[in-house]
Colleague: 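Let me give you the structure first, and then I'll get to my questions.
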Amino acid sequence: EVQLVESGGGLVHPGGSLRLSCTASGFTLSTAVMSWVRQAPGKGLEWIATIRAIGTTYYAGSVKGRFTISRDNAKNTVYLQLNSLRSDDTAMYYCTKHGFCASESGCQSASQNGYRGQGTQVTVSS
């Protein structure tokens, strides 16, 4: 059974940083395509970033240069480093396991389906 457990969220001031973790089980992480998505109150799911099995990464324009997705297959964990946080980054953040994608638009679409964890809340406020 695929399980994804996110952690690391919290309350942070604008300009601050957080590192989110997603611990995976029930499948081989090293061969999986993984993404992070988020959902702000009253809004739909927003794709943020994807990392492919070979390490290729893709980012949404809104987070490019501020967020970094990475993976540690030995620890069965995917990370999302959040820097220079802004109030509009406030959302529930989820990691997802989904099918293959090879472009920003393809990963944005693919990330809407597949498996998703319970999420971790990030609140950016002064």
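Keep in mind that the numbers below use all heavy atoms, side chains included, and drop hydrogens, waters and symmetry copies.
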Colleague: Test side-chain contact (heavy atoms from CB on, under 4.5 Å) on Val33 and Cys101; report intermediate values, then the result.
Modeller: CA-CA 8 Å; Val33 181; Cys101 59; 4.0 Å; yes
Colleague: For Asp89 and Ser84, which heavy atoms make the closest approach, and how far apart are they?
Modeller: OD2-O, 4.3 Å
Colleague: With a 4.5 Å heavy-atom cut-off, do Gln118 and Tyr94 have their side chains touching?
Modeller: no
Colleague: Out of curiosity, Phe100 CZ to Arg52 CZ, how far, rounded to the nearest 0.5 Å?
Modeller: 4.0 Å
Colleague: Closest heavy-atom contact between Thr120 and Gly9?
Modeller: OG1-N, 3.0 Å
Colleague: Any side-chain donor paired with an acceptor under 3.5 Å for Thr77 and Asp72?
Modeller: no
Colleague: Are the side chains of Arg116 and Cys95 in contact, using a 4.5 Å heavy-atom criterion?
Modeller: no
Colleague: Does the side chain of Arg86 reach to within under 4.5 Å of the side chain of Arg66, using non-hydrogen atoms?
Modeller: yes
Colleague: First locate atom OH of Tyr59, then atom SG of Cys107, and finally report the distance between them rounded to the nearest 0.5 Å.
Modeller: 11.5 Å
Colleague: Are any non-hydrogen side-chain atoms of Leu20 and Val122 less than 4.5 angstrom apart?
Modeller: yes
Colleague: Check for me, please, whether Met34 and Ile48 land in the same ILVMFWY cluster - side-chain distances under 4.5 Å, paths through other members count.
Modeller: yes
Colleague: Do Asn76 and Ser25 have side-chain heavy atoms sitting under 4.5 Å apart?
Modeller: no
Colleague: Take His98 and Ser35, measure what side chain to side chain donor-acceptor pair (under 3.5 Å) needs, and give me the verdict at the end.
Modeller: CA-CA 8 Å; His98 56 79; Ser35 289; 2.6 Å; yes
Colleague: Among all residues two or more places apart in sequence or in another chain, which pass the side chain to side chain donor-acceptor pair (under 3.5 Å) test with Glu6?
Modeller: none
Colleague: Same cluster for Val37 and Met92 if Ile/Leu/Val/Met/Phe/Trp/Tyr side chains link at under 4.5 Å?
Modeller: yes
Colleague: Run the salt bridge (Lys or Arg N to Asp or Glu O under 4.0 Å) test against Lys64 and tell me which residues pass, sequence neighbours left out.
Modeller: Glu104
Colleague: If you look at every heavy atom in Leu4 and Ala24, which pair is closest and at what distance?
Modeller: CD2-CB, 3.8 Å
Colleague: Within a radius of less than 6.0 Å around CZ of Phe27, do more than 12 heavy atoms belonging to other residues, nucleotides or ligands occur?
Modeller: yes
Colleague: As a quick check of understanding, evaluate side-chain contact (heavy atoms from CB on, under 4.5 Å) for Ile51 and Tyr58, giving each step before the final call.
Modeller: CA-CA 7 Å; Ile51 185 165; Tyr58 304 93; over 6 Å; no
Colleague: List the steps and the verdict of side chain to side chain donor-acceptor pair (under 3.5 Å) for Ser62 and Glu46.
Modeller: CA-CA 10 Å; Ser62 60; Glu46 177 189 11; 3.3 Å; yes
Colleague: CG/Asn73 to CG/Leu29 distance, rounded to the nearest 0.5 angstrom?
Modeller: 5.0 Å
Colleague: Can you name the nearest heavy-atom pair linking Tyr79 to Trp36, along with the distance?
Modeller: O-NE1, 3.4 Å
Colleague: Under 4.5 Å between any side-chain heavy atoms of Asn83 and Phe67, yes or no?
Modeller: no
Colleague: In the single-linkage hydrophobic clustering (I, L, V, M, F, W, Y; side-chain heavy atoms under 4.5 Å), do Leu80 and Leu18 co-cluster?
Modeller: yes
Colleague: Of all the heavy-atom pairs spanning Arg38 and Ala91, show the shortest one and how long it is.
Modeller: CB-CB, 3.9 Å
Colleague: Locate the shortest heavy-atom distance separating Thr90 from Val124; write the atom from each residue and the value.
Modeller: OG1-N, 2.9 Å
Colleague: Rounded to the nearest 0.5 Å, what separates atom CD in Gln81 from atom CZ in Arg19?
Modeller: 7.0 Å
Colleague: Nearest 0.5 Å please: distance from the CD1 atom of Ile54 over to the OG1 atom of Thr31.
Modeller: 13.0 Å
Colleague: Of Ile69, Thr68, Thr50, which is the lone residue that meets side-chain contact (heavy atoms from CB on, under 4.5 Å) with Thr57?
Modeller: Ile69
